[in-house]
Amino acid sequence: MADCNPHQLIRIALKNCLTSISEKEDELGKLDAAAGDGDHGAGMTRGLRAANEALSNATDDGPAGMLLMQAGSTFSDAAGGASGALYGMFIMTIGKTLGAGPFETADIHEALDAGMAAIMKLGKSKPGDKTMLDALAPFIEALSQASGQALAKAWTAALPAAEAGAKSTADMVAAKGRSSKLGERSLGHPDPGATSMVYILNAVGKALDS
């Protein structure tokens with residue numbers, strides 16, 4: 001990644017995320033409607049659109065991580081709700097941890113790990129609670145096992161772990177959020193946050209490949 005402009009990479013990744021989530025907005029809304037008010041897809045789209053607009057007016061004078069901090073803050077304000085706060089904190093923490101880089105696999109892994117810790121603290125949640133963590137945690141673990149590889153290759157290799165983790169949430173009873181009020185009735189429905197996390201991770205992977 002030494003020959004890549006990290007500022008440009010972040011912009012491409014966020015544009016990819018907006019495109020992907022916009023295409024899946026209805027699907028995410030239906031998943032959320034099984035246990036909540038069905039606004040997860042709309043909130044994610046709204047947050048990512050605002051984040052992209054914010055970065056279109058930002059300069060590249062500072063560290064690349066500052067772009068992520070700005071994007072995360074804007075996302076949180078625009079998306080609203082618990083997911084907006086959690087995703088926003090996740091993005092901001094990654095940006096703060098990365099700073100000016102480098103953006104190598106080990107550095108990205110460290111930043112993602114810090115971002116996951118921030119989600120767990122803010123949401124008072126852990127893997128197994130049927131949340132976005134059930135896609136993110138296995139992805140981070142798989143990425144750590146490929147830390148000696150180039151970032152794009154390591155990221156692609158870790159994606160199946162995130163997909164399997166999100167799929168497994170259909171067999172979980174929700175312990176956090178509105179879904180937790182359903183108890184056993186939350187079974188059979190994949191978690192919308194874990195599902196959107198997979199789409200986000202895939203979108204970033206496409207940016208890395210490009």
Side-chain angles (χ1 to χ4, degrees), residues 1-25 42-80 83-119 121-122 132 135-136 139-140 143-144 146-159 162 196-210:
M1 298 298 295
D3 58 347
C4 175
N5 181 333
H7 295 82
Q8 185 66 10
L9 174 61
I10 288 170
R11 287 188 166 88
I12 293 172
L14 282 171
K15 287 179 181 177
N16 287 357
C17 289
L18 175 58
T19 298
S20 177
I21 294 298
S22 296
E23 292 173 351
K24 302 295 185 179
E25 182 177 331
M44 290 290 293
T45 299
R46 189 168 59 246
L48 285 166
R49 183 176 293 117
N52 274 277
E53 290 174 355
L55 293 200
S56 69
N57 298 317
T59 67
D60 292 352
D61 295 338
M66 288 294 294
L67 290 181
L68 284 174
M69 294 178 67
Q70 183 174 352
S73 177
T74 304
F75 177 97
S76 182
D77 291 341
S83 292
L86 292 169
Y87 262 108
M89 178 61 71
F90 177 59
I91 297 168
M92 285 189 287
T93 303
I94 291 172
K96 181 178 180 180
T97 306
L98 281 174
F103 282 45
E104 303 295 345
T105 305
D107 305 290
I108 296 296
H109 173 265
E110 179 183 355
L112 287 172
D113 203 40
M116 181 171 68
I119 291 175
K121 182 177 180 180
L122 180 62
M132 65 178 72
L136 181 59
F139 176 83
I140 292 175
L143 191 67
S144 72
S147 59
Q149 299 179 12
L151 179 56
K153 184 176 181 180
W155 194 280
T156 298
L159 287 173
S196 64
M197 179 62 74
V198 169
Y199 294 144
I200 292 293
L201 293 173
N202 271 288
V204 174
K206 290 179 181 178
L208 295 172
D209 285 337
S210 68

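A quick note: this is a predicted structure, and the numbers were derived from the prediction, not measured.
- A distance of 12.5 Å separates CG in Leu14 from CD in Glu53, rounded to the nearest 0.5 Å.
- In this structure, His7 contributes its side chain and Thr59 its backbone to no donor-acceptor pair below 3.5 Å.
- A donor-acceptor pair under 3.5 Å links the side-chain atoms of Asn52 to the main chain of Leu48, judged by distance alone.
- Pairing each heavy atom of Thr45 with each of Ser22, the nearest pair is CG2-OG, 3.6 Å.
- Scanning both residues, Leu98 and Ala111, for their nearest heavy atoms gives CG-CB, 3.7 Å.
- Crowding of Met89 atom CE: a count of heavy atoms from other residues, nucleotides or ligands under 6.0 Å not exceeding 12.
- Looking at every heavy atom in both residues, Leu67 comes nearest to Leu55 through O-CD2, 3.4 Å.
- Looking only at side-chain heavy atoms (C-beta outward), Tyr199 and Glu23 stay at 4.5 Å or farther from each other.
- Interatomic distance, CG of Asn16 versus CD1 of Ile200, reported as 10.0 Å (0.5 Å rounding).
- A heavy-atom distance below 4.5 Å is found between the side chains of Ile140 and His109.
- Distance CG/Leu112 to CG/Leu201: 7.5 Å, rounded to 0.5 Å.
- Summarising the geometry of Thr74 relative to Ala51, their closest heavy-atom pair is CG2-N, 4.0 Å, with the distance given to 0.1 Å.
- Note that the CE atom of Met197 and the CD1 atom of Ile119 stand 5.0 Å from one another [nearest 0.5 Å].
- In this structure, the side chains of Ile10 and Phe103 come closer than 4.5 Å at one or more pairs of heavy atoms.
- No more than 12 heavy atoms of other residues, nucleotides or ligands lie within 6.0 Å of CE in Met66, so this atom counts as exposed by the packing criterion.
- Among all heavy-atom pairs drawn from Leu9 and Ala207, the shortest one is CD1-O, 3.9 Å.
- The main-chain N or O of Val198 is found under 3.5 Å from a side-chain atom of Asn202 such that the two form a donor-acceptor pair.
- Environment of CD in Gln149: crowded, with over 12 heavy atoms of neighbouring residues, nucleotides or ligands closer than 6.0 Å.
- Of the possible polar contacts, none joining the Ser73 side chain to the Met69 backbone as a donor-acceptor pair under 3.5 Å is found.
- Side chain of Thr156 to backbone of Ala152: a donor-acceptor contact under 3.5 angstrom is found.
- Rounding to the nearest 0.5 angstrom, the gap separating the CG atom in Leu136 from the CZ atom in Phe90 is 4.5 Å.
- The line from CZ of Phe75 to CE of Met92 is 10.5 Å long, rounded to the nearest 0.5 Å.
- Trp155 and Val204 get closest at one heavy-atom pair: CZ2-CG1, 3.5 Å.
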